[in-house]
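Chain identifiers are assigned alphabetically (A, B, ...) following the order of the sequence lines, protein sequences preceding nucleic acid strands; residue numbering begins at 1 within each chain. Bear in mind the structure is a predicted one, so any value in this text is a computation, not a measurement. Just the heavy atoms: all of them, side chains too, but no hydrogens, waters or symmetry mates, feed the values below.
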Amino acid sequence: MDGTVALLVLAALAEKPAHGYAVIERLRDRSEGAFDLREGTVYPLLHRLEADGLLDSRWDTTAGRRRREYRLTRRGNAALDERREEWRRYALGVERVVGARA
Amino acid sequence: VIDRYLQELAPLLPRGRRRRRILEEVEAHLRDAAAVVGEQQAVARFGPAAEVAARCRELAADRGESAVLRVLAALVGTKLAIGVALLLPHTEQPGTVGPHGKPVPLDALLAVQSVRWIFALLVVAGLAVAAAGVGLGAAVSVAGLLGYGALPVLAILTRGVNVDTSPLGTAALCADLAWFAAALAAVLLVIRARRDRRAAA
């Protein structure tokens, strides 16, 4: 499950850098409400992806409010491409099995 | 509501800089969310403090283990380098005078210094692990400090021409063997614990 959420987070950040709250909003909007994550679990995941070198972060101050903004690193972009491809293969396999009619 | 949540979360998080960063991020998130859905709902959607903290601690533990692994790798590397150095023909350190009025053998100096480096590395590693929020780190640091301080005293008391006290003597070789076994066991334990945790997740 964590692997799938990591893929979603990386994909959400591929468009442009964002802070945690915006990442969650982006996921919710793009999935049309299908991915309504427990918000508190996203931060440890962001930190883990950063520790793995897939994300980079810095403090950003907007309207007097400090937020930690995350962006994909070069390694993060490569990891996203790789995971996307894995996901497509997996989804196709599942569809072939589940969608098959007798 | 948000302040109460942050007060509940704070003591459950890893200590130090990491705790401050997480709290600041969580607070910014909750204030943003509260502006849209209200404080009560923002906190409810964020999830129980204990659950969030558990995930943060898990990450801190992983980092602590990574630090331990890196230090152990450094220690093994140091030890191997010392081993190679000790295999070189015995020489003496010019300009030094030992307890018997003779120049101090180079291998003895190397041995004492290298073990002191190892203790020094333990101190640094322990501090790094403690900074990552793992309590054991502080104990490791204290042990390293004690060893670092005690070793020169022991070296002065025991250094002599007796082969048993030489870094190439049987006792020293057995000690090295035990050291490597302990380091290897620690590495294996850390790797196994990490694998178990990932499998459980």
Side-chain angles (χ1 to χ4, degrees), chain A residues 1-10 12-13 16-29 31 33-71 75-76 79 83, chain B residues 2 5-6 8-10 12-14 17-37 39 41-67 69-70 128 131-133 194 197-201:
Chain A
M1 182 60 193
D2 265 4
T4 310
V5 181
L7 169 63
L8 294 172
V9 167
L10 290 174
L13 284 166
K16 61 177 181 178
H19 49 83
Y21 183 73
V23 168
I24 293 161
E25 288 279 276
R26 220 173 264 178
L27 288 177
R28 194 180 292 137
D29 290 348
S31 70
F35 297 133
D36 199 6
L37 301 175
R38 177 161 277 181
E39 297 175 6
T41 60
V42 170
Y43 287 90
L45 179 60
L46 286 167
H47 290 199
R48 183 177 291 282
L49 292 172
E50 188 181 6
D52 291 344
L54 305 185
L55 298 181
D56 193 11
S57 74
R58 65 183 176 88
W59 289 110
D60 173 57
T61 307
T62 311
R65 180 87 56 84
R66 245 160 69 92
R67 296 179 181 86
R68 194 83 183 176
E69 194 178 72
Y70 294 87
R71 65 179 65 232
R75 270 182 66 193
R83 290 179 192 199
Chain B
I2 290 175
Y5 183 84
L6 293 172
E8 187 190 341
L9 181 64
L12 305 174
L13 292 172
R17 209 172 48 176
R18 178 121 323 248
R19 177 186 291 180
R20 285 195 297 277
R21 175 176 157 182
I22 295 170
L23 285 174
E24 202 170 344
E25 280 192 275
V26 172
E27 182 172 9
H29 177 107
L30 291 175
R31 305 263 176 233
D32 281 341
V36 180
V37 295
E39 288 197 11
Q41 185 67 13
V43 165
R45 276 165 43 166
F46 202 78
E51 191 184 312
V52 174
R55 286 189 174 240
C56 294
R57 282 201 308 272
E58 200 177 291
L59 178 59
D62 274 357
R63 283 181 167 186
E65 284 168 1
S66 297
L69 283 176
R70 277 197 293 272
R194 187 177 291 189
R197 195 160 53 229
R198 293 239 161 105

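At a 4.5 Å heavy-atom cutoff, E27(B) makes no contact with chain A through either its backbone or its side chain. Of the atoms belonging to V43(B), not a single heavy atom falls under 4.5 Å from chain A. Contacts of I24(A) with chain B are made by side-chain atoms alone, with heavy-atom separations under 4.5 Å and no backbone atom involved.
At a threshold of 4.5 Å between non-hydrogen side-chain atoms, the residues D32(B) and E25(A) do not count as touching. Under the 4.5 Å side-chain criterion, counting only non-hydrogen atoms from C-beta, E25(B) is in contact with W59(A).
The OH atom of Y21(A) sits 13.5 Å away from the CZ atom of R31(B) when rounded to the nearest 0.5 Å. Atom CZ of R66(A) sits about 4.0 Å away from atom CD of E24(B), to the nearest 0.5 Å.
For A28(B) against R65(A), the heavy-atom pair with the smallest separation is O-NH1, 3.8 Å.
Ion pairing between a basic and an acidic side chain is recognised when a charged N comes within 4.0 Å of a carboxylate O; E39(A) and R45(B) show such pairing.
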